[in-house]
Each structure stands twice: as C-alpha cells, then as structure tokens.
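Below is one structure, written out as structure tokens; comments come after it.
These numbers come from a predicted model, not from an experiment.
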Amino acid sequence: MIRSILLAATALSLSSAAYAQDAEETFGGAKGADLSIEAMEPDGGAVTLGRAGEYPADIARYLLAGGPGSANLSPDGETIAFSWDITGQSELWVMPASGGVPRQVTFETGVGAPVWTPDGSALFYSADRDGNEQPGYFVLTPDGMSETEILPAARGDFRIFGGFAEDGSFIYASTARGAGVFDIYRGTMDGASELLVESELGLAARSISPDGKYAIVTEAVGEDADNLYLLDLETKEMTTISKPPVEDRASHTLGGFEWWPNSRGFYFSTNLGREYGALSFYDVESGSFEMVFGSDRDVENLELCGAGGGGSTLYWTENDDGFDRLRGWQVVEKRPIAMPEMPEGTYALDCEAEGDLLIRVSGWQTPGELWMTNPVAGTAEKLFAANYAGLDPERLIRPQVVRYPARDGVELQGLLYLPEGAGTGDDAPPVVFSVHGGPSGQSQASFDPIAQYHVARGVAVFEPNVRGSTGLGRTYATLDDRENRLNSISDLVDLKNALAADGLIDGGRAAVMGGSYGGYAVNAVLAEYPGEFAAGVSLFGVADWITALEVASPALKASDRIEYGDITEDRWREFYRVNSPIRKADQIRVPVLYSHGVMDPRIDIYETEVMVKTLRENGVEAPFVRIPDEGHGWRKLSNQLFYYRKQAEFIEEQLGLAEAE
C-alpha cells in the first residue's frame with residue numbers, strides 16, 4: 001500500500017474535532033471510531049519544555065525544532081513562498097528571495113506545498129478536512145489579501161494536482177466520476193473542469209508542457225514503478241512512452257519532470273533496464289528518449305533553469321545511501337558544474353529564469369534551512385536559518401550507514417544512530433528500531449526529531465531499509481512482493497541479531513516501532529517472531545490485510561494489486577487469511593502502544609482497534625492513543641506534542657531506562 005500522501009499540496013481545514021466520521025465518510029473503510037474502547041486522547045493540556053540548554057532535553061524541544069517546509073520561487077525569482085508550521089499547523093508564508101522577514105498569508109488552514117501560478121500573480125494550494133485527503137483547490141494573492149476557491153472539495157473526490165500550463169490552466173487526477181479510480185482532468189482558474197481521460201485503475205497527471213499542448217501522465221505499477229504516457233490535450237489521445245512488462249517494471253518518476261522551454265521535450269529520471277534512475281531526455285517529435293547521465297545512485301530532484309528561460313543549466317541530487325549529493329550540468333556545453341557545499345541531509349531544489357537555485361535542506365543536524373545559491377557564479381547564501389528550539393546542534397548525532405546479510409544472503413542496509421560515548425558488548429545501549437512506511441519508502445538522513453531525542457537519552461535508534469525499500473536499486477525494491485512479504489519482516493530480526501553480534505546494541509533490550517506500513521511491520525514481527533523484541537509501537541498500521549486491501553482508498557488500489565496481489569482472487573484471500581498479524585495476534589506477548597487517527601482514509605482505525613482488543617483479551621498490555629482530528633499521520637503540533645510524549649514514556653519504561661518524565 002502506498003503510505004505517503006500523494007496529493008501535491010495537502011492540508012487541513014476545519015478546526016473542530018470529530019469523535020466519529022460522518023455517516024457517509026466511508027473511504028478507506030473509515031466509518032468512525034469504536035468509542036467503547038478505552039483510549040487516551042489529546043486533552044489540550046499545557047506542555048512543559050524545561051529550560052533551554054538543559055540535557056537531556058524534553059521531547060517537545062525536538063518536535064519544536066524546525067524550519068520551512070516545501071518552498072518555491074516565484075516565476076520572476078523575486079519571492080519565495082513556503083510552508084511553515086511555526087503556528088502549530090502548516091501555513092503559507094512569503095519572503096523576498098534576497099532575504100528579509102517572512103510574512104504569513106494563510107491562517108488556520110494547515111496548508112501543504114504552495115505552487116505559484118505561471119504569471120506569479122497568485123499562490124495555489126489545496127486543503128482537505130482533517131487529513132481525509134479529499135481536498136478543495138484555492139488561489140491566494142501573495143499579499144494574502146484576496147483568496148478564491150476554484151474547485152470546492154467534494155465527498156469521494158480524491159485529487160492529485162499535476163501542474164500549470166502557461167495559460168493558467170492546470171491538470172489533475174481525480175476520483176470525481178465515482179468509479180473509485182483516478183481519471184485525468186483539465187481545470188481553469190474560473191472553476192471549470194473537463195474530463196480528459198477515463199482510467200481503469202489509477203492514472204496521475206504530472207506536468208503540462210509550456211505551450212499547453214501535452215501532459216505527462218503516469219500509471220501506477222505496484223509501489224515502486226509506473227508506466228509513462230504523453231497525453232495530447234487537444235485530441236485527448238495518449239501515446240505510450242514507456243510500458244515495460246510487469247516483470248521488468250520500472251519507475252519514471254524518480255526525479256520529477258522538467259520541460260525544455262520550447263516544449264520540444266522533457267528531462268526525467270528512470271531505472272528502465274537498469275538498477276538506478278538515470279537522467280534521460282524524451283524528444284516529443286521523434287517519440288523516443290535517451291539516457292543523458294547515469295551512475296550507481298538514483299538521480300532525483302531535477303531542476304532545469306538558466307538565463308532568459310533558455311534552460312542552460314540542469315541540477316539534480318543523487319541518493320547516496322540516504323544522503324543527497326548535489327550535481328550540476330551545463331546542458332549546451334555538456335560539462336559538469338561545481339556545486340556549493342551544503343549541510344548534510346536531503347535537499348529540495350527550485351530555480352527560475354535567472355539561474356539562482358533555491359535549496360531547502362533537511363539534515364540530521366539541520367531541522368530546516370533555505371539557501372539561495374548560484375552554482376555558476378559560485379555563490380551561496382543562507383536565507384532562512386533553522387530554529388533549534390534551545391537545542392545545541394553540536395549534540396545532534398550523525399547516523400552511520402550499516403550493511404548486513406539477511407539469512408538468505410540478501411544484503412540489507414540501514415542508518416544507525418548511536419548515543420555519544422556508547423559502549424559495546426555488555427555495555428551496548430538499548431535500541432529502538434524505527435521502520436519506515438511504504439513499503440517502498442526509504443530511511444534517509446533528514447532531520448528526525450524522535451531519533452535525536454531517544455539517542456540523546458542513551459537509546460540507540462536504527463532505521464532499517466529492509467527489502468522492498470527504494471533508493472537501493474530496482475531489484476531490491478521488488479524483493480518483498482506478494483508471497484515474499486514476510487521476508488522483509490524476518491529482515492528486522494536478522495538486522496537486530498547482526499547489530500547485537502557486532503556489539504553495537506543490546507539485543508535483549510530492543511523495541512520496534514513504525515507507522516503505516518511500518519505499523520504493520522511492528523504487528524507482524526511481534527507475532528511471527530515472539531521474543532525477539534521487548535516491546536512494540538504501532539502507529540496506524542495494518543492488522544488484517546484482507547480488510548485493508550478490500551477497503552483501500554483510491555490512492556492505494558492502483559499499486560496494491562501488484563505489491564500484494566488481487567484480494568478478489570481466492571488464492572490471495574487465503575494467503576492473507578493465514579499471514580495477517582491479526583491471525584497470529586495470540587503470539588504477541590510483549591506490550592504494544594497503539595495509535596490511530598479517526599479520520600484516516602488509508603487504513604481504517606478498525607485495524608488498530610482489533611489489535612488493541614485482541615491483545616487486551618489475551619492479558620497483554622496494549623495502551624491506545626486515539627486522535628479524533630487527524631488522518632493518516634499527525635499534522636498538528638498539539639497532537640504531536642501529546643502523542644510523542646506518551647510514546648517516549650512508553651519506550652523508556654519498556655526498555656528499563658530511568659523513570660519516565
């Protein structure tokens with residue numbers, strides 16, 4: 001199941017809490033919470049932080065450390081728009097690209113990523129209801145003085161924004177037809193919308209050519225791959241660019257899409273016929289594409305820019321074991337460009353006509369910064385410094401990359417955070433395994449407040465990239481498909497035992513936590529391998545694959561059939577009848593902290609409720625945090641502060657640390 005939000009700009013609206021879903025709110029099976037189950041809920045109580053500079057620091061300080069989220073330059077390169085959650089939920093802010101004081105322009109909306117309209121006169125954003133992923137579309141003037149709803153939210157209408165054409169029209173995918181699949185639409189700023197292509201399962205609009213003639217469309221093929229098409233917006237005919245056989249499936253969306261200014265073609269990254277995504281160029285006239293640059297790392301985050309809109313420079317990142325590396329290329333002269341040194345971590349890039357490159361940094365020591373660079377001129381200036389919330393950045397821990405063989409010989413990888421001065425062998429620290437969602441996600445060296453909190457308290461944190469993770473090669477991402485699902489679960493045990501054998505962790509004091517698919521992994525490893533982990537923390541995870549796959553929201557169904565099998569077929573129903581965690585929950589013998597958002601449209605809260613009830617009936621401790629006004633994950637700071645304090649207290653108690661705060 002795809003467990004990352006697919007909307008280009010997602011957000012919250014309506015601040016009132018709902019203790020149960022509306023009667024008609026059935027997407028993802030979310031019909032409401034069972035309020036008869038004893039649960040903890042956020043109470044709005046005061047949060048104590050302790051004094052700045054005190055160590056070990058309170059977990060709230062790690063959660064409050066941060067900086068700008070998604071950021072974009074205006075078409076003239078003069079203004080930066082970005083999301084920032086300093087108010088307690090994400091809002092839109094603007095600031096001069098030359099530096100200056102940011103100004104908030106949205107209020108009480110919880111907006112995600114801003115997108116400039118082509119003429120730079122307005123900012124586009126989407127907003128949903130408390131994480132239900134069914135958004136409305138809005139535009140707002142950069143001064144925050146005028147706001148228009150251009151496409152109202154509608155029940156059952158999941159949307160994926162695809163981008164603007166130069167004339168201000170835009171393309172998006174939507175389930176508005178009511179068939180539970182994503183079709184392709186073209187919208188205009190006056191609220192008109194036209195259905196262009198009907199889908200049988202799941203299409204996504206990605207980009208419109210500058211001249212407005214073509215749209216790039218993809219079709220999900222499992223968690224890790226997609227087919228690529230070119231849609232003629234006048235004739236509504238789609239031309240296949242790349243549709244390999246399922247057994248050779250590939251991703252074409254690793255780096256986004258960057259059109260040449262005259263619309264003659266576009267750059268993208270694909271791992272078709274190779275292990276890692278290579279920079280490639282598609283020529284519209286010839287209908288073919290060729291590789292421009294390839295290496296043993298995925299090419300990601302493409303940005304094409306240059307003086308006068310000529311597209312003379314191309315920038316991208318390479319994913320090096322979860323650390324981004326910046327790369328630059330002079331397109332006409334076909335030579336590399338020296339790139340500025342940035343703080344370690346992950347990068348998001350944006351540039352406009354004049355060639356200045358905006359870089360957002362999120363790293364293990366950098367909660368969020370904005371840099372304006374000009375690699376051609378050799379300049380780099382920090383425009384927005386990270387807020388450390390009273391933490392000493394020198395105390396933050398750099399993760400180290402580790403690799404170990406699984407029991408079947410597959411090489412596994414992960415990021416290990418060790419406490420400063422950690423001992424080895426008998427003196428090794430306890431550990432928390434933090435399993436990413438997806439399953440096709442990747443643990444990377446971006447800022448992780450939860451990991452930094454625990455490691456500062458003397459607990460190692462290991463973020464495994466078990467088989468099925470992306471960023472480690474095309475083949476690796478397929479190794480957990482269908483019948484191989486449980487191999488990724490045994491990877492967790494193999495990694496724990498290997499780390500313990502090397503004396504890096506205390507294998508007898510190991511907890512496992514994860515959200516979404518990571519929450520499933522927690523349920524599964526505790527049930528399949530009793531005694532390997534001392535405790536679990538499962539956030540909005542799957543317990544019963546049969547019900548989860550049956551009620552999956554439209555955002556998930558397109559990839560589920562290849563990743564997990566078609567649940568309408570008897571053989572897959574039988575497979576998951578046997579191999580879902582709920583069927584083996586009586587084998588879980590250790591305490592597990594569960595949590596779920598009532599508004600979750602991806603994994604029904606029922607999945608968590610059934611695990612809580614089962615464990616409690618078996619006499620196993622199963623505390624439960626229920627959050628009424630959240631969906632698939634915690635977006636609101638007040639809920640984060642409440643939940644993660646409970647999680648930290650639970651983990652420290654179970655691992656035998658000093659009495660929790």
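Counted by atom type alone, Tyr282 and Ser242 present zero donor-acceptor pairs between their side chains at under 3.5 Å. Judged by distance alone, the side chains of His436 and Ser443 never bring a donor and an acceptor atom under 3.5 Å apart. Under 3.5 Å, the side chains of Trp93 and Ser83 contain no donor-acceptor pair of N or O atoms. A donor atom on one side chain and an acceptor atom on the other are found under 3.5 Å apart for Asn465 and Gln413. With 3.5 Å as the limit, one finds no donor-acceptor pair spanning the side chains of Thr218 and Asp226.
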How far apart are the C-alpha atoms of Phe293 and Trp316, what are their side-chain angles, what is the distance that settles it, and do they pass the ring-ring contact (aromatic ring centres under 6.0 Å, His included) test?
-> CA-CA 11 Å; Phe293 173 85; Trp316 67 88; 5.3 Å; yes
What's the verdict on salt bridge (charged side-chain N to carboxylate O under 4.0 Å, His left out) for Glu300 and Arg327, showing C-alpha distance, side-chain angles and the deciding distance?
-> CA-CA 10 Å; Glu300 301 172 344; Arg327 296 290 182 262; over 6 Å; no
Are Asp157 and Ser174 close enough, and set up right, to give a side chain to side chain donor-acceptor pair (under 3.5 Å), and what steps lead you there?
-> CA-CA 6 Å; Asp157 191 356; Ser174 167; 2.5 Å; yes
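Between Tyr185 and Leu151, the closest side-chain pair of non-hydrogen atoms is not below 4.5 Å. With a 4.5 Å cut-off on side-chain heavy atoms, Ser295 and Glu318 count as touching. Residues Met339 and Leu357 meet the side-chain proximity criterion, which asks for heavy atoms closer than 4.5 Å. At a threshold of 4.5 Å between non-hydrogen side-chain atoms, the residues Met372 and Ile80 count as touching. Between Ser269 and Asp298 the shortest side-chain heavy-atom distance does not fall below 4.5 Å.
Considering CE of Met95 and OG1 of Thr79, their distance stands at 10.0 Å, rounded to 0.5 Å. In this structure, CG on Asp491 lies 4.5 Å from CG on Leu412, to the nearest 0.5 angstrom. For the atom pair NE2 (His252) and CD1 (Ile216), the distance works out to 12.0 Å, reported to the nearest 0.5 Å. Rounding to the nearest 0.5 Å gives a distance of 9.5 Å between CG of Leu302 and CG of Leu254. Rounding to the nearest 0.5 Å gives a distance of 7.0 Å between CG of Leu233 and OG of Ser209. Going from atom CD of Glu303 over to atom CD of Glu352 covers 8.0 Å, rounded to the nearest 0.5 Å.
Ring orientation note: the planes of Tyr137 and Phe161 are nearly perpendicular, at an angle over 60° on the 30°/60° scale. Relative orientation of the Phe575 and Trp572 rings is perpendicular, given thresholds of 30° and 60° on the angle between their planes.
For Phe289, the ring pair (Phe, Tyr, Trp, His ring centres under 6.0 Å) partners at least two apart in sequence or on another chain are Phe268. Checked against ring pair (Phe, Tyr, Trp, His ring centres under 6.0 Å), Tyr229 has no partners two or more places apart in sequence or in another chain. Every residue was checked against the ring pair (Phe, Tyr, Trp, His ring centres under 6.0 Å) condition with Tyr347, not counting sequence neighbours, and none meets it. Listed by chain and number, the residues in a side chain to side chain contact (heavy atoms under 4.5 Å, CB included) with Thr346 are Asp324, Ser362, Gln444, Ser446 (sequence neighbours excluded). Ser169 is linked by a side chain to side chain contact (heavy atoms under 4.5 Å, CB included) to Ala165, Asp167, Arg186, Thr188, counting only residues two or more places apart in sequence or in another chain. Evaluation of the side chain to side chain contact (heavy atoms under 4.5 Å, CB included) rule for Ala377 yields Asn374, Thr379 as partners, not counting sequence neighbours.
Remark: aromatic rings of Phe266 and Trp260 are distant, center separation not under 6.0 Å. Taking the six-membered ring wherever Trp is involved, the centroid distance between the rings of Phe124 and Phe164 falls below 6.0 Å. Separation of the Tyr267 and Trp259 ring centroids does not fall under the 6.0 Å cut-off.
Formation of a donor-acceptor pair under 3.5 Å by the Ser488 side chain with backbone atoms of Leu486 is not found in this model. Put simply, the side chain of Ser440 never gets that close to the backbone of Ser469: no donor and acceptor are under 3.5 Å apart.
Counting non-hydrogen atoms of neighbouring residues, nucleotides and ligands closer than 6.0 angstrom, the CG atom of Asp248 exceeds 12 such neighbours.
The side-chain hydrogen bond (donor to acceptor under 3.5 Å, both in side chains) test with Arg467 is passed by exactly one of Asp408, Thr475, Asp481, Thr478: Asp408.
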